[in-house]
Amino acid sequence: MSSDGADWWLAKWQASDHPSVQQVATMRAWLDRLNNDPRQEPSQLASREHPHKQDELRLTWIIDTEAFVVHALDQDDQPRVLYIGQTIPPGMEVEPP
Amino acid sequence: MVARRLTTPKAKGSGAAAKSRRRDEPNGKRKGAGGGDGPSPSDREAAKVADDVNIQLRNAGFPETAISSWWRLLIDKDANKTPRRIWDSGDYDTLWVIVNKTLQQKPAYRAALEKVTSMHFAERLAASQEVQDRLLGFKR
C-alpha cells in the first residue's frame with residue numbers, strides 16, 4: 001500500500017474495530033487504487049472554507065467494510081489517508097442521514 | 001414509548017406516528033395525552049412497519065449506516081418519493097414495494113447507499129477539528 005498514512009490507519013482500524021478478513025481485503029483493494037484514481041467513487045469532495053489554499057479533502061463510506069475513510073490530495077494529486085474507522089471521524093457532530 | 005425502539009426513521013413530531021395522531025384526533029390533540037394511555041394503534045402500526053423494514057434490510061446484509069441512508073434515499077423513479085416520505089405518509093404498501101426492489105437489486109442499492117452516505121458526511125467533514133489538525137501539517 002503506497003498511500004501516505006494508509007498503512008498506519010489500516011492497522012489502527014483493524015486493532016480498534018476488528019473488521020473481518022474480507023472487509024480488510026476490500027479496504028486494501030480500495031486503498032490500493034487510490035494512487036491511480038485518487039477521486040474514485042464513492043469518495044466525495046468535502047467543501048471547506050479556509051483563507052489559504054488547502055489540500056483537497058474527500059470522505060468515503062465503503063459499505064462492504066462498514067468503515068469511513070478520509071483522505072486528502074495535495075497539489076500533485078498524491079493521496080494522504082487521514083482517517084479509517086467504523087464511526088464517523090472524531091469531532092463531527094452530525095446526525096446519521 | 002414505541003418510537004424509542006426504532007433505529008430509523010426516528011419517530012419525532014413530524015414522523016408517521018405524529019401524522020397519524022393528527023389524522024385520527026380532532027384538533028390535533030391526542031387522546032389521553034399525558035395520561036399514560038400508551039401508544040395508539042397507528043403508533044404501533046408505524047413502529048412495527050419501521051422495525052420490520054429495518055429487520056429485512058439488516059438480514060439482507062445492510063449495515064446500520066446504510067439502513068439510515070436508505071430511509072432518505074431517492075432512487076425509485078416509479079414511486080418518486082424517498083422511503084422516508086412514504087413512511088411518513090403511511091403508504092406502507094408502496095414502502096414494501098421499495099423494500100422488495102431494494103432486496104432484488106441489492107448491488108445497485110448498495111452502490112447508491114455508499115454514494116449517498118459519503119456525500120452526506122462529506123458535506124459535514126469540515127466540522128471535524130481532528131481531521132483539520134491533521135490537514136495542517138501533521139502526517140502519519
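Letters A, B, ... mirror the listed sequences (proteins, then strands); counts begin at 1.
L59(A) contributes atom CG, which lies 11.5 Å from atom CZ of R124(B) (distance to the nearest 0.5 angstrom). Taking CG of L45(A) as the start and CG of L125(B) as the end, the distance is 10.0 Å to the nearest 0.5 Å. Here CZ of F121(B) is found 9.0 Å from CH2 of W61(A). Values are rounded to the nearest 0.5 Å. The structure places OG1 of T60(A) at 12.0 Å from NZ of K115(B), a figure rounded to the nearest 0.5 Å. Rounded to the nearest 0.5 Å, atoms OG1 (T65(B)) and CD1 (I88(A)) are 9.5 Å apart.
Follow the hydrophobic side-chain contacts under 4.5 Å out from F62(B) and you never reach M119(B); the two are in separate clusters. Hydrophobic clustering (ILVMFWY, side-chain heavy atoms < 4.5 Å, transitive): L73(A) and V81(A) are in distinct clusters. Residues V99(B) and I55(B) do not share a hydrophobic cluster, defined by chaining ILVMFWY side chains whose heavy atoms lie under 4.5 Å apart. When the side chains of ILVMFWY residues are joined at heavy-atom separations under 4.5 Å, either directly or via intervening members, L103(B) and W71(B) end up in a single hydrophobic cluster.
What you find for A46(A) and A122(B) is that their closest heavy atoms are CB-O, 3.1 Å.
Shown here are the side chain to side chain contact (heavy atoms under 4.5 Å, CB included) partners of A67(A), two or more places apart in sequence or in another chain: W13(A), M27(A), T65(A).
Ranked by heavy-atom pairs under 4.5 Å with chain B, the first of D64(A), I63(A), V70(A) is I63(A).
Atom NZ of K12(A) is surrounded by 12 or fewer heavy atoms from other residues, nucleotides or ligands within 6.0 Å.
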